[in-house]
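None of these values were measured; they are calculated from a predicted model. Computed over heavy atoms, backbone and side chain alike; hydrogens, waters and symmetry mates excluded.
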Amino acid sequence: MKIATWNVNSVAARLPRLTSWLADAQPDVVLIQETKSTDDRFPVGAIADAGYAAAHYGQGQWNGVAILSRVGVTDVQRGFGDDDPEARIIGATCGGVRVYSCYVPNGRSLDDPHYRYKLDWLGRLGELAAARSAGPFILGGDFNVAPTDLDCWDPASFVGATHVSEPERAAVRAIESTGLVDVIRELHPGEPAFSWWDYRGGAFHQNHGLRIDLLLVDEALGRRATAGYVDRDARKGDKPSDHAPVVAEFDAV
DNA sequence: ATGTCAAATGGTATTTGA
């Protein structure tokens, strides 16, 4: 199985890039974030033409997550099943693997109420991971957390900012402690492997990025990983997302 | 001057969020 996670920053604005990437990369499953679409407007037709079934959980202007699959999409779960008003997580079973696409709240700043919402939300994500059934499991998405300083282009300039604070990093470690492996980091322990670069200031050109898009997989699946990488080419060219797809491949899945 | 994108509103620019 070849699976990717990609924050597309509006599925409407990114549709040409998305469909050409699907044709090029030929993933089996894609976890999408920031569709900024309602379920009504989600482009199921164009995605079906590309060969993928889709499940979407959207709210409109902000947020919105989806799962695209050419190996089936069943048992779809939208949201945590609580009163969260924001469309930030969707789960489904694809090709025998339970997959979730999540869009963790940004947090804005350490003193913003949204930061508390982010920490609470990461806690609920940890509960979901802990409560999973046995079997192949992948939790991927835009975590809006750079797990270590290696995942940040300039840790000194991020002191006091979100995405690198210790409580956020501890929350990600707590999720991993349920038995999940950060597959890109496992395969490439010393490489930054950034997945996001600000649109501003030529950040991509200077590789001023963060690794905030993660694929967390159960340990048995982690042992079957044959490749894991960031598709930086998808960040180049005309009208890119500010995130690049993060891809992993597994044997015998 | 972080100075760019995307969506929505309101009005052909501004606001909000990232």
Any chance you could list the contact pattern along nucleotides 5-18 of chain B? Use B for base contacts, S for sugar-phosphate-only contacts and - for none, protein heavy atoms under 4.0 Å, 5' to 3'.
SSSS-------BSB
At their closest point, which heavy atom of A/A46 faces which heavy atom of A/L15, and how far apart are they?
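For A/A46 and A/L15, the tightest heavy-atom pair comes out as CB-CD2, 3.9 Å.
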Which atom names give the shortest non-hydrogen contact between A/L180 and A/L139, and what distance separates them?
CD1-CD2, 4.4 Å
Looking at A/E186, I want to see if its CD is surrounded by more than 12 non-hydrogen atoms of other residues, nucleotides or ligands under 6.0 Å.
no
If I take atom CG in residue A/L210 and atom C1' in nucleotide B/dT2, what distance separates them, rounded to the nearest angstrom?
13 Å
Integer-rounded Å distance: B/dT4 P and A/H205 NE2
16 Å
Taking atom [atom1] in both [N] and [M], what distance in whole Å separates the two?
N	M	atom1	value
B/dA6	B/dG10	P	22 Å
B/dG11	B/dT16	P	14 Å
B/dA13	B/dT2	P	25 Å
B/dG17	B/dT12	C1'	23 Å

Please confirm whether the ring centroid of A/W6 lies under 6.0 Å from the ring centroid of A/W21.
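Yes - the distance between ring centres of A/W6 and A/W21 falls below the 6.0 Å cut-off.
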Among A/D151, A/T148, A/D149, which one satisfies side chain to side chain donor-acceptor pair (under 3.5 Å) with A/R169?
A/D149
Check this for me, if you would: do A/D120 and A/R116 make a salt bridge, where the nitrogen-to-carboxylate-oxygen distance has to be below 4.0 angstrom?
yes
